[in-house]
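The chains referred to below are lettered A, B, ... by the order of the sequence lines, with proteins before strands, and numbering in each begins at 1. Everything numeric here is computed off the predicted structure, so don't read it as measured data. Both backbone and side-chain heavy atoms feed into the values below; hydrogens, waters and symmetry mates do not.
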Protein chains: 2
Amino acid sequence: MARSLKEEIVRRIFRNFLDVMILRFVHKEPMWGYRIIKLAELEYGVKIGHGTVYPLLNDLEKRGLLRSRKESKKGRLRKIYKITSKGLELLDTFNESIGE
Amino acid sequence: MARSLKEEIVRRIFRNFLDVMILRFVHKEPMWGYRIIKLAELEYGVKIGHGTVYPLLNDLEKRGLLRSRKESKKGRLRKIYKITSKGLELLDTFNESIGE
DNA sequence: TACAATATGTCACAGATGTGACATATCTCA
DNA sequence: TGAGATATGTCACATCTGTGACATATTGTA
């Protein structure tokens, strides 16, 4: 069965601007990789491989767009990311540039 | 010298959503490939290879998003593209999906 | 006359990029 | 006790995609 135009476009946005979409998620509220993957599927119907997300999160932190703190919830390790001012700047520039 | 953040993002948008950017150009006013290339450089500072643009224009027409008519200006052939309702639908869906 | 600009077209190749597999560890529920 | 969910990490490989070269034709200008 054919995918709808809307689904197709949302997929493309996630594929090509996954960093921006992650910054948007984390901007709304600090969160960790696993949750981003689940939310992307729940809210947008987009499946993102964790092999794509985790290296990207590390890269975004290295570039200073995100900052993480480790949280250990009953022995289970989570890296909770917050957006930085540099990350906000990228988001703003993107939104401004993509505006119709 | 380092490229600015804005320039970097605009480049990425053109690289990944060249079809959408072309639809936006053509939506503003019907035009041909050569003009699109020149306008992208003038208005956005983005150089797009004509080897990217022409095959894409043909593809967009094949998919029914654009329609062209040939115009011969003093023996010089131009394919002038207009956006179709299907093209407008894609533009609208994209703008809606990318909205913050 | 010869070069630059206008105008479109094709295609091989290199470089970029996501996918999916392999890897590890804990918790919960049946 | 075993499976599924939570949680993160790495990396080889195949696939996708733009670049740049090759190709052609006309007009304007020096």
Take the protein atom [atom1] of [X] and the nucleotide atom [atom2] of [N], then report the distance between them rounded to whole Å.
| X | N | atom1 | atom2 | value |
| --- | --- | --- | --- | --- |
| R12(A) | dG18(C) | CZ | P | 14 Å |
| W32(B) | dT26(D) | CH2 | P | 20 Å |
| R78(A) | dT26(C) | CZ | P | 16 Å |
| L56(A) | dG9(D) | CG | P | 12 Å |
| E71(A) | dA7(D) | CD | P | 10 Å |
| R11(A) | dT19(C) | CZ | P | 8 Å |
| Y81(A) | dG9(D) | OH | C1' | 10 Å |
| F17(B) | dC16(D) | CZ | P | 17 Å |

Checking contacts here: which listed nucleotide (dT8(D), dA7(D), dG9(C)) is nearest the side-chain heavy atoms of K79(A)?
dT8(D)
Given dT8(D), dG9(C), dT6(C), the nucleotide with the shortest approach to the side chain of Y34(A)
dT8(D)
Kindly write out the residues that satisfy side chain to side chain contact (heavy atoms under 4.5 Å, CB included) with [X], not counting sequence neighbours, or none if the list is empty.
| X | value |
| --- | --- |
| Y34(A) | W32(A), K38(A), Y54(A) |
| L39(A) | F25(A), M31(A), R35(A), E43(A) |
| P55(A) | none |

Report yes if at least one side-chain N or O of K70(A) is closer than 4.0 Å to OP1 or OP2 of dA7(D); otherwise report no.
no
Looking at CZ of R67(B) and CG of L65(B), how far apart are the two atoms once the value is rounded to the nearest 0.5 Å?
10.5 Å
Determine the contact category for R15(B): base if any of its heavy atoms lies under 4.0 Å from a base atom, sugar-phosphate if only primed atoms, P, OP1 or OP2 are that close, otherwise nothing.
sugar-phosphate
When you look for runs of 3 or more Watson-Crick or G-U pairs in a row, both distances below 3.5 Å, which of them include DNA chain D?
C:1-30 with D:1-30
Considering all heavy atoms, the nearest G33(A)-L57(A) contact
CA-CD1, 3.5 Å
Under the salt bridge (Lys or Arg N to Asp or Glu O under 4.0 Å) rule, what pairs show up with a residue in residues 55-66 of chain B, not counting sequence neighbours?
D59(B)-R63(B)
Go through the structure and list residues passing side-chain hydrogen bond (donor to acceptor under 3.5 Å, both in side chains) with [X], not counting sequence neighbours.
| X | result |
| --- | --- |
| T84(B) | none |
| K6(A) | E96(B), S97(B) |
| K47(B) | E41(B) |

Set of residues satisfying salt bridge (charged side-chain N to carboxylate O under 4.0 Å, His left out) with respect to R11(A), sequence neighbours excluded
none
Below 4.0 angstrom, which residues in residues 57-66 of chain B have at least one non-hydrogen atom near DNA chain D?
none
Who are the ring pair (Phe, Tyr, Trp, His ring centres under 6.0 Å) partners of F94(A), not counting sequence neighbours?
F17(A)
Tell me whether D19(B) is salt-bridged to R24(B), with the criterion being a basic N under 4.0 Å from an acidic carboxylate O.
no
Can you list, in residue-number order, the parts of residues 37-55 of chain B that come under 4.0 Å of DNA chain C, counting heavy atoms only?
K38(B), H50(B), G51(B), Y54(B), P55(B)
